[in-house]
Every structure is written in C-alpha cells, then in structure tokens.
Peer 1: 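Once you've had a glance at the structure underneath, I'll fire off some questions.
In listed order, ligands and their atoms are each counted from 1.
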Amino acid sequence: MSKTYRFGFIGAGAMASAIAGGMIKQGLSNGSDIIMSDCSAEKLQELHNTLGIQPASDNNQVVSEAQYIIVAVKPQQFAAVCNDLSVKPQNHQAVISIMAGVTMDTLSAQLGDIPIFRVMPNTPAKIGWGMTGITAGVHTTEEQKQVVADIFNSVGKTVFVDETYMDAVCALSGSGPAYMYQILEAMADGAVLCGLPRNTAYQLAAQTMAGSAMMLLETGEHPGVLKDQVTSPAGTTICGLRAMEEHGVRSAMIEAVEKAYIRSKELGEKK
Ligand SMILES: NC(=O)c1ccc[n+]([C@@H]2O[C@H](COP(=O)([O-])OP(=O)(O)OC[C@H]3O[C@@H](n4cnc5c(N)ncnc54)[C@H](OP(=O)(O)O)[C@@H]3O)[C@@H](O)[C@H]2O)c1
C-alpha cells in the first residue's frame, strides 16, 4: 500500500488484539497508526505496551480520529456503543463491523448512509490462519475494499460475499472451528481407545486435519478424489469410512451447518 492509514478499534478484546497484531506483523500498520478504545484502561495499556497502539480516551475519539473504524464489541454491546456516541462517522470514513449477526440494515440505521463493511472472521485469525467473509456496503469504494481485504488477509484469508450469504458464512467458517475441534477430539478418543497416549493422539489428529485441508487447498482437487487416494481396496480406510457412513457423520455435518445457519438468521432478525 502506498498510503498510511490510521485505524481505530472500538473494543480491545480477543479479536481486536488478534487483528491489530496481524496488521502490525504484516507491515500494514505500525502500532502508532492504531487507536483503540475499551471499557478497560488496563487492557488498552497492555496493548500499548505489547503492540504500541494508542489508547483512546473514549469511543468518540476513535470515531473522530480513525479513517477505518473496526467495531469489535460483542453484538449485544453495540446498542450501548451507539447510544454513547456524540460524534458520528462521516462519509470519508469506513466502519467495519466484525459483530456476528448484526446486519447491514442495523448498522446503517445506527450509523447512517456511510461506507460500511460487515465482516465475519473466525478464531484461527488469532494465529494468522483465519478465514474471513466480507460484505461491502453500497457506499464503499474500491480503495476501501482493498484496505479491508488487506486488514483481514493479515490474519488469514478473505472472501467477498453478498450479504445474503453471510449467515451461511457464519455457519460454516465462523462456527466451523468448533466442529473441527469436536471431530478432532473424537478421532483422538478413538485412538486412545486403541491404546495411543492422549497427547500423541491429539498431535496425530491435528496434523492430519491440517495436512488434509492444506492438500485440498494446494491441489484444488475434489475432496472425493483425495479421499479415494487414501482408500485402498479391502483396506483399513474403507472400513473406517463405512463406520462413518453407518453413523451418519456426513449427514450430521450437513445438518450442523444448516442448524447454525438457521440460528444465525434468527439472531439477525431479533436485532
Ligand atoms: N471470537 C470469535 O471467534 C469471533 C469470530 C467472529 C466474530 N466475532 C465477533 O467479534 C466481536 C468481538 O469478539 P471478541 O471475542 O473479541 O469479544 P471480547 O473479547 O469480549 O471483546 C470485546 C471488548 O469490547 C469491550 N467493550 C464492551 N463494551 C464496550 C463499549 N461500550 N465501548 C468500548 N469497548 C467495549 C469489552 O469490554 P468488557 O470485557 O469489559 O465487556 C471487551 O474488551 C464480537 O462481536 C463477535 O461476534 C468473534
């Protein structure tokens, strides 16, 4: 990027610190370009010490001084944030909401007809392996879209989607880490049942999950083709796969995503 921007965060919690950390690590920003507000002055001081960010006196200072304002409070805290604001973001600024389930309609009703992004990251962003879905509002510019992509590419990968798909993104990559941990734990349990020490089982299961996902991403092969490559006739893998089919694992996963999708829609409608 040829220009330096000043970024602001409202809320300095787990996601805000992960994103700011990624931005600094990737050279998108240096700490002094980032201003943050939070209820806890101690939290801000700690991030000042570790990342070099500027603590703000309140949310109004972030809105007044940041070009890109990342709203990183819990969804249920958003109303209080808006009520307490005495300044409103302007047209030359952009607001980026990472709040799960808060729709573009709600955001623009509260913030006005300004450039707004609705973004759904996931927890692996904390280690630079996140997956983020981004919806760009109608007033956003190409330059702003690029900056927002840069922000979230600094903590993983990004995809732009129409807002209609945001509930599906939430159900897949937003909730997905929990599904993966559940499957990973169950696979390790199986190996423990077969006598493998617990820690070794987690190590094997986790690296297998990560390696398999990487292989799909790098080869671009259909998952069924990669599955067939592991599955020799009358071998061990086909026995394992048959057990998975007997217990409806595939169907359970489809339904897990669908149930999360339905819940995400419900939560969005309530706000
Ligand atoms: N964690 C995830 O995996 C994930 C994934 C995708 C999206 N998100 C979204 O990311 C957002 C942040 O999640 P998080 O896990 O980072 O939450 P978090 O750790 O609780 O961070 C939110 C921070 O905002 C502060 N805050 C509360 N009210 C405030 C106010 N009025 N003004 C300024 N700061 C205020 C909180 O302080 P207190 O602790 O004192 O309340 C807290 O430090 C959520 O909306 C969530 O939906 C999270």
Peer 1: So which heavy atom on G130 is nearest to which on N122, and how close?
Peer 2: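 Minimum heavy-atom separation between G130 and N122: CA-OD1, 3.2 Å.
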Peer 1: Please list the nearest protein heavy atom to atom 38 (P) of ligand 1 with its residue and the distance rounded to 0.1 Å.
Peer 2: K43 NZ, 4.3 Å
Peer 1: As an exercise, identify every atom of ligand 1 less than 4.0 angstrom from a heavy atom of A100.
Peer 2: 45 (O), 47 (O)
Peer 1: Look at atom 25 (C) of ligand 1 and say which protein heavy atom is nearest, naming residue and atom and giving the distance to 0.1 Å.
Peer 2: D38 OD2, 3.2 Å
Peer 1: Starting from atom 33 (C) of ligand 1, what is the nearest protein heavy atom, named by residue and atom, and what distance separates them?
Peer 2: N59 OD1, 3.5 Å
Peer 1: Any nitrogen or oxygen of S37 lying under 3.5 Å from a nitrogen or oxygen in ligand 1? Just yes or no.
Peer 2: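 For ligand 1, there is no N or O atom that lies under 3.5 Å from one belonging to S37.
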Peer 1: Listing request: all side chain to side chain donor-acceptor pair (under 3.5 Å) pairs with a residue in residues 167-185, at least two apart in sequence or in separate chains.
Peer 2: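 Side chain to side chain donor-acceptor pair (under 3.5 Å) check on residues 167-185 returns D167-S264.
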Peer 1: For ligand 1, find out whether one of its N or O atoms is nearer than 3.5 Å to an N or O atom of A16.
Peer 2: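 No.
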Peer 1: Does even one non-hydrogen atom of S40 get within less than 4.0 Å of ligand 1?
Peer 2: no
Peer 1: Tell me whether D189 is salt-bridged to R198, with the criterion being a basic N under 4.0 Å from an acidic carboxylate O.
Peer 2: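 Salt bridge flag = yes for R198 with D189.
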Peer 1: Can you tell me the protein heavy atom closest to atom 11 (C) of ligand 1 and the distance?
Peer 2: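 Of the protein heavy atoms, V73 O, 3.5 Å lies nearest.
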Peer 1: Answer yes when R242 and E245 have at least one side-chain N-carboxylate O distance shorter than 4.0 Å, and no when they do not.
Peer 2: no
Peer 1: Take every heavy atom of G174, measure it against each atom of ligand 1, and state whether any distance is under 4.0 Å.
Peer 2: no
Peer 1: Looking at atom 31 (N) of ligand 1, what's its closest protein heavy atom, distance included?
Peer 2: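 Protein heavy atom at minimum distance: V81 CG2, 3.4 Å.
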Peer 1: Please classify the K74 to ligand 1 contact at 4.0 Å (heavy-atom distances, strictly less than): side chain, backbone, both or neither.
Peer 2: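 Both parts.
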Peer 1: Does a donor on one side chain and an acceptor on the other come within less than 3.5 Å for S57 and Q61?
Peer 2: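 Yes, a side-chain donor-acceptor pair sits under 3.5 Å.
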Peer 1: If we only count heavy atoms from C-beta on, is the V148 to K145 side-chain gap below 4.5 Å?
Peer 2: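 Sidechains of K145 and V148: no contact.
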Peer 1: Distance under 4.0 Å to a non-hydrogen atom of A14: what atoms of ligand 1 satisfy this?
Peer 2: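 Ligand 1 atoms under the 4.0 Å threshold to A14: 16 (O), 19 (O).
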Peer 1: Suppose we measure from atom 7 (C) of ligand 1 to each protein heavy atom; which comes out shortest, and what is that distance?
Peer 2: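 Minimum-distance protein heavy atom for atom 7 (C) of ligand 1 reads I98 O, 3.3 Å.
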Peer 1: What closest approach, in Å, do Q110 and F78 show between heavy atoms, and which atom pair accounts for it?
Peer 2: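 Answer, listing the atom of Q110 first, then F78: CG-CE2, 3.8 Å.
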Peer 1: Looking only at protein heavy atoms, identify the closest one to atom 5 (C) of ligand 1 and say how far it is in Å.
Peer 2: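 Ranked first by proximity to atom 5 (C) of ligand 1 is P121 O, 3.5 Å.
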Peer 1: Are I116 and H139 packed together at the side-chain level, in the sense that at least one heavy-atom pair is separated by less than 4.5 angstrom?
Peer 2: no
Peer 1: Identify which of C82, A72, G11, G130 has a heavy atom lying nearest to atom 22 (C) of ligand 1.
Peer 2: A72
Peer 1: Less than 4.5 Å apart, any side-chain heavy atom of N60 and any of L85?
Peer 2: yes
Peer 1: Among all protein heavy atoms, pick the one closest to atom 21 (O) of ligand 1 and tell me residue, atom and distance.
Peer 2: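 Heavy-atom neighbour on the protein nearest atom 21 (O) of ligand 1: G13 CA, 3.2 Å.
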Peer 1: Would you say the side-chain atoms of N199 and Q203 include a donor-acceptor pair closer than 3.5 Å?
Peer 2: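 Absent: no donor and acceptor within the cut-off.
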Peer 1: If you count the atoms of ligand 1 from 1 in the order shown, which ones are under 4.0 Å from a heavy atom of P75?
Peer 2: 44 (C), 45 (O), 47 (O)
Peer 1: Check each of L267, V102, T106 against P75 using the side chain to side chain contact (heavy atoms under 4.5 Å, CB included) test, and report the only one that passes.
Peer 2: V102
Peer 1: Side chains of N30 and S32 only: does a donor on one sit below 3.5 Å from an acceptor on the other?
Peer 2: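 Judged by distance alone, the side chains do pair up.
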Peer 1: Please work out, at 4.0 Å between heavy atoms, whether the side chain, the backbone, both, or neither of V102 comes within that distance of ligand 1.
Peer 2: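 No part of V102 is near ligand 1 at this cut-off.
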Peer 1: Considering only heavy atoms of M120, which atoms of ligand 1 have at least one such atom less than 4.0 Å away?
Peer 2: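 Ligand 1 atoms under the 4.0 Å threshold to M120: 6 (C).
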